[in-house]
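Excluded from the calculations below are hydrogen atoms, water molecules and symmetry mates; all remaining heavy atoms, backbone and side chain alike, are included.
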Number of protein chains: 2
Amino acid sequence: MKRKPASGTFRNTERSKQKFLSAVEKILKTKGYAGLKVNYIAQLAGVDKKMIYNYFGSLDGLIDEYIATQDFWSNIAADMAHTPINDGGKEFSKEIFLSQYDYLSKNKELQKVLLWRLSEERKSLRKLTDEQEESGERLFSQITDPHFGEHAEKFRAVSAVLVAGIYYLNMYAEHNGSVFSGIDLKTDDGRNAVKEAVTFLIDKTYDGLTADSQSNTTIEKTI
Amino acid sequence: MKRKPASGTFRNTERSKQKFLSAVEKILKTKGYAGLKVNYIAQLAGVDKKMIYNYFGSLDGLIDEYIATQDFWSNIAADMAHTPINDGGKEFSKEIFLSQYDYLSKNKELQKVLLWRLSEERKSLRKLTDEQEESGERLFSQITDPHFGEHAEKFRAVSAVLVAGIYYLNMYAEHNGSVFSGIDLKTDDGRNAVKEAVTFLIDKTYDGLTADSQSNTTIEKTI
DNA sequence: AAAACAAGACACTATATGGTGTTTAAAATT
DNA sequence: AATTTTAAACACCATATAGTGTCTTGTTTT
């Protein structure tokens, strides 16, 4: 016969768990994953660290649960609905890329998670990566692959470069001199220049790779 | 009257300093900057850690000296000479971008340094960043800016996205599932797809942005 | 060869860090 | 209301880590 978890004014299991999870979030936003130390988390949460082991089994348990309960990519799904697709996904793609760029610049936590993913091997992060790939796979296979036909993979490769560029530029702007290739990534002008570049590249990619296009000779002469 | 540093068979200042610097390099390559701990460095070097403080003043001193003595971007300077420029730097740009992509994929240490730069504030790393910007600035102002004229900044923004993409994709391939946007970045096919995409994008950028071009209407209609 | 110096071995300190055992009292169950 | 359970406080332990003091002996200087 299991007993209900304490939910009083002083002893409240659920509230304490939440405090831990919130502390993890706060640390991740400000100091990044390297700041996730037991003592610090407990101090910030205002709950004894012993409870971390009671509730989550271990520090890793807490961290993994935190990752699992967050939805870092919620913005994409939200944007998916309201753009009609009758241009092979051209405007839709632009919207996705550009909104990703803005979203990431505002969301320090996601920046830290991206960095974390590049720095540490962790099952829960890997799961996050896999889910992201799946979600992307749906977009490609349903929207752009049919449009680009034999050039589908070429569009995917372009997408990879653009998304990767968007990720890196945002992380770079946070931690480095903010000037990259002579573009000041912290000013509106600089950020707009990047957005224009992305828009331009997508336009050109649709122009040059669309299945019934006639001018794709340049593509073949690589490497 | 200062005395010559010991250079015998058993006690050899220069040799020991080198051992420390080599240990730092090895650790950076394999474990990344987070593995740079005094005890571990000393153990790997086979020299007492006390000497780190004698020679370099502190752990940070050693690390900074290591960074200062390395030339992480040597490959670029080497490539600069042997490509004639009479096409506004189109082929030259391709070569730079593509060789960066290959070089970075082979050079784990540089990958770790790029990651380090995104993770930690450090004067010596900042200096490295500034030098890199300077070197890029020379290329832009001498080669591509004159060619693109009023669109010079647009080309810089495209470059920023491409270089950033190249950086991120290489780091991603090392630490994540290696599949990004459906492209397997660890296979030759996947890597070639990325290279073709970069080549394609540069071609299209030169087509669309060259100063005397007539078809740059698409550029204006951004955001 | 003797003296002066410094490279290095080794033991040590202080602090940070992850994790546990014991006791208390608040909350759930009876 | 009595009993049981467990949230949480508190003191603890083990290990990792940066950094220092001391002594020995190889190397340089005289």
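Taking atom CE on A:Met51 and atom P on C:dT20, their separation rounds to 12 Å, with Å as the unit. Between the NZ atom of A:Lys4 and the P atom of C:dT29 there is a distance of 6 Å, rounded to whole Å. Per the geometry, CZ belonging to A:Arg15 stands 12 Å off C1' belonging to C:dA27, to the nearest Å. A straight line from CZ of B:Arg11 to P of C:dC5 spans 16 Å, rounded to a whole angstrom. Atom P of nucleotide D:dT6 and atom NZ of A:Lys17 are separated by 14 Å, given to the nearest angstrom. With rounding to whole Å, A:Asn54 atom CG is found 15 Å from C:dA26 atom C1'. In this entry the distance linking CZ of B:Phe10 with C1' of C:dA9 reads 14 Å, nearest Å. Atom CZ of A:Phe56 and atom P of D:dA7 are 12 Å apart (whole Å).
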Worksheet item: Would B:Lys17 and B:Thr13 count as a side-chain contact (heavy atoms from CB on, under 4.5 Å) if you check the C-alpha gap in whole Å, the side-chain angles of each, and the deciding distance to 0.1 Å?
Response: CA-CA 6 Å; B:Lys17 286 181 79 169; B:Thr13 304; 4.3 Å; yes
Fill in: Check against side-chain contact (heavy atoms from CB on, under 4.5 Å), A:Leu139 and A:Ile96
CA-CA 11 Å; A:Leu139 296 187; A:Ile96 290 252; 3.9 Å; yes
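Residue B:Ser16 places none of its side-chain N or O atoms closer than 4.0 Å to OP1 or OP2 of C:dA7. The shortest distance between the side-chain N/O atoms of B:Tyr55 and the OP1/OP2 oxygens of C:dG8 is below 4.0 Å.
Between A:Thr13 and B:Ala6, the residue anchored closer to the 5' end of DNA chain D is A:Thr13, taking for each the nucleotide with the nearest heavy atom.
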Worksheet item: When every nucleotide of nucleotides 10-20 of chain D is labelled 5' to 3' by its protein contacts under 4.0 Å (heavy atoms), B for base, S for sugar-phosphate only, - for none, what sequence of letters results?
Response: B------BBBB
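A salt bridge links A:Arg156 to A:Glu137: at least one charged side-chain nitrogen sits closer than 4.0 Å to a carboxylate oxygen.
Interface remark: the A:Arg3 side chain does not form any donor-acceptor pair with the D:dT6 base, using a distance-only criterion of under 3.5 Å.
More than 12 heavy-atom neighbours from other residues, nucleotides or ligands sit within 6.0 angstrom of NZ on B:Lys19. Within a 6.0 Å sphere centred on CD of B:Gln111, other residues, nucleotides and ligands contribute more than 12 heavy atoms.
Among residue pairs with one or both ends in residues 110-142 of chain B, those qualifying as ring pair (Phe, Tyr, Trp, His ring centres under 6.0 Å) are B:Tyr33-B:Trp116; sequence neighbours excluded.
Among all heavy-atom pairs drawn from A:His175 and A:Lys112, the shortest one is NE2-NZ, 3.6 Å.
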